Amino acid sequence: MKAITVEPRKPGTVRYEDFPEPDVRDGSILVEAVVAAVCGTDLEIAEGKYGWAPPGQTRLVLGHEAVGRVIDPGESRSLKAGDLVAGIVRHPDPVPCPNCAVGEWDMCRNGQYTEHGIKEIHGFMSERWRIQPEYAVKLDPSLGILNVLLEPTTIVTKALEQVMAVGTRSFWEPKTVLVTGAGPIGLLAALVASLHGKEVHVLDRVETGLKPELVRALGATYHSGSVLNVGFEPDAIVECTGVGSVIAESIQQIGAGGVICLTGVGSGGAAMRSTADFAAAVVLKNNVVVGSVNANKRHWYKAAEALARADRNWLGRLLTRYEKPENFKEALERRPDDIKVVIQFAAL
Ligand code: BGC
């Protein structure tokens, strides 16, 4: 079969090439790829900055946001041939740590977890892939290809759950949520926060185009420029840029008792103030800055509920570019008008 593979930590090594059929030990369910979407992590892996091949192998099949069609349900009791399915990205560590032992692999403590297409297990950008029944998620057939947004929706579902969990430390009724960054994660965070009935604001660099339109279509308010100029003190900020200055401004702008959830992964960035100055700002307003990565089964369930309630036309507008697998180079380019790029392996 063909697969989009990479040699992790070596830039420029992505290929669309012949690759062995998925090993039955990777899961009894055999799946035909329909689509796989590209995310920032895939681009980082392609740039040689992240990622791990499976032990004893040099290449990793990319892809962790996918929709597939079941060819053989294997040992699954709930799936049948033809069903649409996604694979849960992270698998628990083998020790297991206490969190993985209770199914909270997203909170893995020892770092020995594995992730499809990212860390030590092959991803879903191959013509066929396999998954174990306990990591297979049956998808809503009426959402079709839009199901490719489920995985990033799990990420924001967890992030917002973290915000609310932290908030229970005191009396707190958050009304306003600021999302920084209007990429796929930011837009989906805005969607989920608005489904929760919050007053949602989204900030991004761009001033015109699809991003402001999509924000306004949610009934949310769009801002461009500095977080310091949004004109209010948010109860919660979901930070989706990973940009140092945006994070620094968020800590200045958050309201008293407010929670900032960091979801973006960046590096560097000029420090505008010293660490102790930031700490003082956080202390004097009882703020919490919480990091959030990955998602467990509960978040997959809740994310699917959110997608089911979302406007399908709005969801479809997030999928801005479709590419064939042989055009993987184009798919892995960052273009100004992109929100989510989808690689189409088969027709639905
Ligand atoms: C994925 C997560 C993963 C994280 C870190 C993200 O792109 O959506 O599932 O945990 O990267 O590897």
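Small disclaimer: the values here were computed from a predicted structure and weren't measured.
- Between Tyr222 and Val206 the shortest side-chain heavy-atom distance falls below 4.5 Å.
- Residues Arg109 and Glu104 are not paired through a salt bridge, judged by the lack of any N-O separation under 4.0 Å between the basic side chain and the carboxylate.
- For the pair Ile254 and Glu233, the minimum side-chain heavy-atom distance is 4.5 Å or more.
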**Q.** Derivation and outcome, side-chain hydrogen bond (donor to acceptor under 3.5 Å, both in side chains), residues Gln252 and Ser250
**A.** CA-CA 5 Å; Gln252 282 175 261; Ser250 296; over 6 Å; no

Q) Does the salt bridge (Lys or Arg N to Asp or Glu O under 4.0 Å) test come out yes or no for Glu47 and Arg9, once each step is laid out? A) CA-CA 8 Å; Glu47 288 162 7; Arg9 312 288 170 150; over 6 Å; no

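- Using a 4.5 Å heavy-atom cutoff, the side chains of Val282 and Ile260 are not in contact.
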Q: Would you sort out whether Glu161 and Lys302 count as a salt bridge (Lys or Arg N to Asp or Glu O under 4.0 Å), showing the intermediate values?
A: CA-CA 10 Å; Glu161 195 186 86; Lys302 288 166 79 174; 2.9 Å; yes

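- Judged by the 6.0 Å distance and 45° axis criteria, Lys2 is positioned over the aromatic ring of Tyr16.
- Remark: the backbone N or O of Ala3 is not paired with any side-chain donor or acceptor of Ser126 at under 3.5 angstrom.
- A centroid separation of 6.0 Å or more is found between the aromatic rings of His64 and Phe124.
- Contact check on Glu213 versus Arg317 returns a salt bridge, with a Lys/Arg side-chain nitrogen under 4.0 Å from an Asp/Glu carboxylate oxygen.
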(Q) If you apply the rule ring-ring contact (aromatic ring centres under 6.0 Å, His included), what do you find for His91 with Tyr135, and how did you get there? (A) CA-CA 8 Å; His91 292 206; Tyr135 302 111; 3.9 Å; yes

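- Salt-bridge formation is not detected for the pair Asp93/Lys119: no Lys NZ or Arg NE/NH1/NH2 atom is positioned less than 4.0 Å from an Asp or Glu carboxylate oxygen.
- The existence of a salt bridge linking Glu32 and Arg69 is confirmed by a sub-4.0 Å separation between a basic side-chain nitrogen and an acidic carboxylate oxygen.
- When side chains are defined from C-beta on, Leu60 does not count as touching Trp52, because their heavy atoms never get closer than 4.5 Å.
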Q: Kindly determine whether Asp23 and Arg25 satisfy salt bridge (Lys or Arg N to Asp or Glu O under 4.0 Å), including the steps that lead there.
A: CA-CA 5 Å; Asp23 193 319; Arg25 283 170 298 186; 2.6 Å; yes

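- Ionic pairing of Lys49 and Glu44 is not present here: no N-O contact between side-chain nitrogen and carboxylate oxygen is shorter than 4.0 angstrom.
- No continuous path of ILVMFWY side-chain contacts below 4.5 Å connects Ile121 to Ile131, so the two sit in separate hydrophobic clusters.
- A 4.5 Å side-chain heavy-atom check between Lys297 and Trp105 finds at least one atom pair inside the cut-off.
- Under the 4.5 Å side-chain criterion, counting only non-hydrogen atoms from C-beta, Val238 is in contact with Leu160.
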Q.
Run the side-chain hydrogen bond (donor to acceptor under 3.5 Å, both in side chains) test on His116 and His122 for me, step by step, so that the C-alpha distance in whole Å, both residues' side-chain angles and the decisive distance to 0.1 Å come before the verdict.
A. CA-CA 5 Å; His116 282 285; His122 289 307; over 6 Å; no

**Q.** Pair Glu199-Thr176, side-chain hydrogen bond (donor to acceptor under 3.5 Å, both in side chains): steps then yes or no
**A.** CA-CA 5 Å; Glu199 179 190 317; Thr176 53; 5.9 Å; no

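- You'll find the side chain of Val35 stays beyond 4.5 Å of the side chain of Met125, heavy atoms only.
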**Q.** Derivation of the side-chain hydrogen bond (donor to acceptor under 3.5 Å, both in side chains) call for Glu17 and Thr5
**A.** CA-CA 7 Å; Glu17 61 178 350; Thr5 71; 2.5 Å; yes

Q) Which is it for Glu333 and Arg335 under the salt bridge (Lys or Arg N to Asp or Glu O under 4.0 Å) test, yes or no, and what are the steps along the way? A) CA-CA 6 Å; Glu333 270 168 21; Arg335 297 192 189 159; 3.0 Å; yes

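- Between Arg321 and Asp338 there is a salt bridge, with a side-chain nitrogen of the basic residue lying less than 4.0 Å from a carboxylate oxygen of the acidic one.
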